[in-house]
Amino acid sequence: MLSIKPIHTELSGAMLVRVYKNRSQLGAAAGREAAAAIRALLASKAQVRIVFAAAPSQNEFLAELAAAPDLDWSRITAFHMDEYIGLPAGSPQSFGSFLREALFGKVRPGTVHYLNPAASPEAECKRYGRLLAEAPIDIVCLGIGENGHLAFNDPPVADFNDPLPVKLVVLDEVCRNQQVNDGCFPSLAEVPQQALTLTIPVLLSAQWLFCMVPGASKRGAVTRTLHESISTACPSTILREHGDCRMFVDTDSFGAVFS
């Protein structure tokens with residue numbers, strides 16, 4: 001297997017940023033690196049706990065991870081980081097459905113904990129929070145939104161010291177429009193207005209963060225993440241304070257030309 005080298009590498013705070021020629025190379029490199037981290041964890045512990053994002057930006061990464069050799073998925077417990085409220089049962093836009101199709105149905109993790117949007121939101125937040133608290137989270141695989149959100153922690157509701165592990169949120173319009181721009185919904189009116197989300201402290205509690213952010217639509221968010229003051233005005237800026245966050249971007253999202 002040929003190695004895929006970044007065309008540029010830099011640090012932003014404590015965060016390692018790697019730039020790739022295109023989103024295909026970005027996804028392949030990130031998938032291989034995440035697989036290596038999972039193998040290392042499996043060599044030292046009985047179970048590995050991983051949180052996954054569900055979004056088109058993760059497609060290439062998830063495909064590479066699904067094809068990775070020598071991973072004992074039976075010893076992996078998987079979570080997803082957010083879910084819409086109000087979609088019909090079995091909807092393809094459901095993040096649980098997305099991850100089942102893109103990854104879980106292919107690799108068969110030993111345990112998959114799905115957020116249940118049909119349950120009482122308050123009860124479901126407590127149930128999922130208890131599952132998350134059973135043991136430390138080892139890896140979070142995530143992206144960032146056009147408004148800098150992490151999971152569905154949009155700027156109006158993001159809290160770097162959130163006391164809750166999971167909460168019900170109202171999605172802001174920039175976030176909902178992104179779902180239309182990504183081709184997930186045909187119109188803004190069809191995008192749910194509420195969702196369940198893991199909170200920022202839970203995401204940052206993981207030993208490793210792998211953050212995949214391809215595409216020109218994310219250029220503004222990437223620029224803000226790397227250079228803006230750390231605040232909930234752009235929640236993803238907090239990634240610069242994590243001890244082992246690796247951001248994978250392409251030339252479209254990074255916004256620079258390399259000779």
> About how many Å separate CD of Glu83 and OH of Tyr128, when rounded to the nearest 0.5 Å?
Replying inline: 9.0 Å
> Cluster question for you: counting only ILVMFWY and a side-chain heavy-atom cut-off of under 4.5 Å, with indirect links fine, are Leu99 and Val107 together?
Replying inline: yes
>> How long is the straight-line distance from CG of Leu150 back to CG of Leu203, given to the nearest 0.5 Å?
In response: 6.5 Å
> Can you name the closest pair of heavy atoms from Ile144 and Ser236 and give their distance?
Replying inline: CG2-CB, 3.6 Å
> Hey, does the side chain of Asn177 reach the backbone of Val174 with a donor-acceptor pair shorter than 3.5 angstrom?
Replying inline: no
> Is there a side-chain contact between Phe185 and Leu87, using heavy atoms and a 4.5 Å cut-off?
Replying inline: yes
> Atom CG in Leu62, atom SG in Cys141: separation rounded to 0.5 Å?
Replying inline: 7.5 Å
>> Would you say that Asn181 contacts Ser217 through its side chain, given a criterion of any heavy-atom pair below 4.5 Å between the two side chains?
In response: no
> Do Leu204 and Val17 sit in the same hydrophobic cluster, where Ile, Leu, Val, Met, Phe, Trp and Tyr count as joined when their side-chain heavy atoms come under 4.5 Å apart?
Replying inline: yes
> Do any N or O atoms from the side chain of Arg108 and from the backbone of Trp73 form a donor-acceptor pair under 3.5 angstrom?
Replying inline: no
>> Are Val213 and Tyr20 linked, directly or through intermediate hydrophobic residues, by side-chain heavy-atom contacts shorter than 4.5 Å (ILVMFWY only)?
In response: no
> What are the two closest non-hydrogen atoms of Val48 and Leu42, and how far apart are they?
Replying inline: CG2-CD2, 3.5 Å
>> Determine whether Arg39 and Asp70 satisfy the following criterion, side chain to side chain contact (heavy atoms under 4.5 Å, CB included), listing intermediate values before the conclusion.
In response: CA-CA 8 Å; Arg39 289 189 197 99; Asp70 304 320; 4.0 Å; yes
> So, Lys167 side chain and Val157 main chain: donor-acceptor pair closer than 3.5 Å or not?
Replying inline: yes
>> I'd like to know if the side chain of Arg100 and the backbone of Gly105 have a donor-acceptor N/O pair within less than 3.5 Å.
In response: no
>> Does Ile137 form a side chain to side chain contact (heavy atoms under 4.5 Å, CB included) with Trp208? I'd like the steps, not just the answer.
In response: CA-CA 9 Å; Ile137 300 298; Trp208 280 316; over 6 Å; no
> Is the NZ atom of Lys45 crowded by more than 12 outside heavy atoms at less than 6.0 Å?
Replying inline: yes
> Are the side chain of Thr225 and the backbone N or O of Ala221 linked by a donor-acceptor pair below 3.5 Å?
Replying inline: yes
> Under 3.5 Å, is there a donor-acceptor pair between the side chain of Arg246 and the main chain of Leu209?
Replying inline: no
> Going through the checks in order, is the side chain to side chain contact (heavy atoms under 4.5 Å, CB included) test met by Ile139 and Leu41?
Replying inline: CA-CA 10 Å; Ile139 294 175; Leu41 287 164; 3.7 Å; yes
>> For residues Leu142 and Met212: do they belong to one hydrophobic cluster (side chain heavy atoms under 4.5 Å, members Ile, Leu, Val, Met, Phe, Trp, Tyr)?
In response: no
>> Ring centroids only, cut at 6.0 angstrom: are Tyr84 and Phe95 within range, meaning strictly under it?
In response: yes
> Is Glu60 reaching over with its side chain to a backbone N or O of Arg23, donor-acceptor style, under 3.5 angstrom?
Replying inline: no
>> Students often mix this up, so state it plainly: with edges at 30° and 60°, are the rings of Phe79 and His113 parallel, tilted or perpendicular?
In response: tilted
> How far does CG of Leu65 sit from CD of Gln58, to the nearest 0.5 angstrom?
Replying inline: 11.0 Å
> Which heavy atom of Phe160 sits nearest a heavy atom of Pro235, and at what distance?
Replying inline: CE2-O, 3.6 Å
> Does the pair Leu26 and Val19 meet the rule for a side chain to side chain contact (heavy atoms under 4.5 Å, CB included), with working shown?
Replying inline: CA-CA 8 Å; Leu26 179 164; Val19 185; over 6 Å; no
Which side-chain N or O atoms in residues 192-201 pair as donor and acceptor under 3.5 Å with protein atoms at least two apart or in another chain?
| from | atom 1 | to | atom 2 | distance (Å) |
| --- | --- | --- | --- | --- |
| Thr197 | OG1 | Phe152 | N | 3.0 |
| Thr199 | OG1 | Leu164 | O | 2.5 |
| Thr199 | OG1 | Pro165 | O | 3.2 |

> Should we count CD of Glu101 as having more than 12 external heavy atoms under 6.0 Å?
Replying inline: no
> Is a side-chain N or O of Ser12 found less than 3.5 angstrom from the main chain of Leu226, in a donor-acceptor match?
Replying inline: yes
> Do Phe52 and His80 have ring centres separated by under 6.0 Å?
Replying inline: no
> Does any pair with a residue in residues 172-199 pass salt bridge (charged side-chain N to carboxylate O under 4.0 Å, His left out), and if so which ones, sequence neighbours excluded?
Replying inline: none
>> Are Phe210 and Val140 packed together at the side-chain level, in the sense that at least one heavy-atom pair is separated by less than 4.5 angstrom?
In response: no
>> With a 4.0 Å cut-off on N to O distance, would you call Lys218 and Glu146 a salt bridge?
In response: no
> Do Asp250 and Asn22 have side-chain atoms, one donor and one acceptor, less than 3.5 Å apart?
Replying inline: no
> Within the distance-only criterion (no hydrogens, no angle test), does the side chain of Thr77 pair as donor or acceptor with the backbone N or O of Arg49 below 3.5 angstrom?
Replying inline: no
> Are side-chain heavy atoms of Ile38 and Ile50 found at a separation under 4.5 Å?
Replying inline: yes
>> Show the nearest heavy-atom pair for residues Thr232 and Ala158, with the distance to one decimal.
In response: CG2-O, 3.5 Å
> Side chain of Gln179, backbone of Cys175: donor and acceptor closer than 3.5 Å?
Replying inline: yes
> If we only count heavy atoms from C-beta on, is the Ile7 to Thr251 side-chain gap below 4.5 Å?
Replying inline: yes
> Once you round to the nearest 0.5 Å, how far does CG of Leu171 lie from CG of Asp82?
Replying inline: 9.0 Å
> Do Ser205 and Pro136 have side-chain heavy atoms sitting under 4.5 Å apart?
Replying inline: no
>> Does the structure place the NZ or CZ of Arg18 under 6.0 Å from the centre of the six-membered ring of Phe254, at an angle of no more than 45° from the ring's axis?
In response: no
>> Membership question, hydrophobic clusters at under 4.5 Å side-chain separation (ILVMFWY): are Phe248 and Met15 in the same one?
In response: no
> What is the minimum heavy-atom distance between Cys125 and Val166, and which atoms define it?
Replying inline: CB-O, 3.5 Å
> Are a donor atom and an acceptor atom from the side chains of Ser120 and Glu122 found within less than 3.5 Å of each other?
Replying inline: no
> Is there a side-chain contact between Ser97 and Pro92, using heavy atoms and a 4.5 Å cut-off?
Replying inline: no
> Of the non-hydrogen atoms in His242 and Asp244, which two are nearest, and what is the gap between them?
Replying inline: ND1-N, 2.8 Å
>> Quick one, Leu239 and Cys211 - any side-chain contact, counting heavy atoms below 4.5 Å?
In response: yes
